[in-house]
Amino acid sequence: MKKFIENLPKAELHLHIEGSFEPAQMFEIAKRNAIDIPFNSVAEVEEAYKFDCLQDFLDIYYQGAGVLISENDFYDLTYAYLQKCAAQNVRHAEIMFDPQTHTDRGISFETVIKGISSACADAKTKLNISSFLIMSYLRHLPEESAFKTLKQSLPYKHLIHAVGLDSSEKGNPPSKFKNVFEASVKAGYIPLAHAGEEGDASYVWEALDVLKIKRIDHGNNALQDSKLIAEIIKRDIALTVCPLSNTALQVVKDIKDHPLKKMIDLGLKVTINSDDPAYFGGQVNANYSAVQEALNLSKSDLYELAKNSFNYSLLPKPKREFYLAELELYYLQATKKI
Ligand code: ADE
Ligand code: ZN
């Protein structure tokens, strides 16, 4: 099964680039920027990565991102992630970045977007991986700050596909960002949002009805409300589920209790993703393997999950079909159906 997962063509749709920052690379970049970090070794960093909840993690995640200063830093961070994609047969990645985490510390929007997008362009030619960028607004900040970010993004609109909403969910419902999402859609961005990770089902309703999102990041707590489940299915909206994130942040107590199989059985369209792989103990393939083992998923289940990852990507139809054909051929050969 491990080999089957390793070679399975797939897309990753929920990945925070700042959350892909491996401790070893953090030390390297902190050193070249002469920035002190409160750890002496990679082992010490890993020891600190034990979280009780989302906020626990976010506090350390924003601290880690603080060592990124130059365009080159953002380039190296992004290219390292895309190299991991290549090694895992991730054919397409939709990458979130949090501009406010950087602009609030005096780093220009231009530095961030140029570094990230040039790594994506190089990965396309050198690694044959396609990628789209999702500009995520930090929901713990006021809506005016998101508006400022939207304005800063406009000269680089051609490099960004979608807007997202992340950070501390509880107490920061989607409706807080109604106006900036409307303006973002007018500017040409596709609306996406984290919802129902720690927040209850009402947050998912708001994300659908107020922000008019096209994909739900996490969405676990949608399971609290059967009407909501029916509505998500009716609108054909997918959930980007992140199993190892869910256990690391205590959204799910044990991987064996993960609701992924229940979601599939209910008819929800689910994809598997890593969220913040450097912090949660595994890249996307480790997430596939964790749920495969814990929930006893078959090759056909894994094939459906990978199919969803292309079908619910933001790729144009011809490109989606290209990857789906590659995936189908792989599946048929791997299961000796041809
Ligand atoms: N930012 C990075 N990872 C996140 C997550 N899992 N939830 C909300 N905001 C995040
Ligand atoms: Zn996330």
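Atoms considered below: every heavy atom in the structure, side chains included; atoms not considered: hydrogens, waters and symmetry mates. Both counts, for ligands and for their atoms, begin at 1 and track the order of listing.
- Contacts of Glu169 with ligand 1, taken as heavy-atom pairs under 4.0 Å, are absent altogether.
- Of the protein's non-hydrogen atoms, Glu197 OE1, 2.7 Å is the one closest to atom 7 (N) of ligand 1.
- Atoms of ligand 1 found under 4.0 Å from any heavy atom of His16 (numbered from 1 in listed order, with element): 1 (N), 2 (C), 3 (N), 4 (C), 10 (C).
- Those atoms of ligand 1 with a heavy atom of Asp276 less than 4.0 angstrom away are 2 (C), 3 (N), 4 (C), 6 (N).
- Across Phe74, Phe109, Phe97, a single residue satisfies ring pair (Phe, Tyr, Trp, His ring centres under 6.0 Å) together with His102, and that is Phe74.
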- Assess whether salt bridge (Lys or Arg N to Asp or Glu O under 4.0 Å) is satisfied between Asp209 and Arg235, documenting all intermediate values. CA-CA 11 Å; Asp209 287 344; Arg235 295 193 200 186; 2.5 Å; yes

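- Using cut-offs of 30° and 60° on the angle between ring planes, the pair His16 and His194 is tilted.
- In this structure, of Cys242, Ser167, Ala65, the residue bringing a heavy atom nearest to atom 9 (N) of ligand 1 is Ser167.
- For Leu54, every heavy-atom contact with ligand 1 shorter than 4.0 Å involves the side chain, none the backbone.
- Using a 4.0 Å cut-off to heavy atoms of His218, the atoms of ligand 1 that qualify are 6 (N).
- Atoms of the protein (N, O or S only) found under 2.8 Å from the Zn ion (ligand 2) are His14 NE2, His16 NE2, His194 NE2, Asp275 OD1.
- Ion pair Lys307/Glu304 flagged as a salt bridge, since at least one NZ, NE, NH1 or NH2 atom sits closer than 4.0 Å to an Asp/Glu carboxylate oxygen.
- Within 6.0 Å of CG on Asp36 lie no more than 12 heavy atoms contributed by other residues, nucleotides or ligands.
- Between Tyr79 and Tyr75, the gap from one ring centroid to the other is short of 6.0 Å.
- Note that Lys319 lies in the cation-pi zone of Phe322, set by a 6.0 Å cut-off to the ring centre and a 45° limit from the axis.
- Between Lys2 and Glu293 a salt bridge is recorded (basic side-chain N to carboxylate O distance below 4.0 Å).
- Neither the backbone nor the side chain of Glu18 comes within 4.0 Å of ligand 1, counting heavy atoms alone.
- Side-chain rings of Phe4 and Tyr330 approach one another, their centers coming within less than 6.0 Å.
- Heavy-atom distances between Gly19 and ligand 1 stay at or above 4.0 Å for every pair.
- Note on ligand 1: Leu58 sits in its first shell, one or more heavy atoms being nearer than 4.0 Å.
- Closest non-hydrogen pair, Gly64 versus Phe21, comes out as O-CE2, 3.5 Å.
- Within ligand 1, the atoms closer than 4.0 Å to a non-hydrogen atom of Asp275 are 3 (N), 5 (C), 6 (N), numbered from 1 in the order shown.
- Evaluated for a ring pair (Phe, Tyr, Trp, His ring centres under 6.0 Å) with Phe57, the options Tyr49, Tyr62, Phe51 yield exactly one hit, Phe51.
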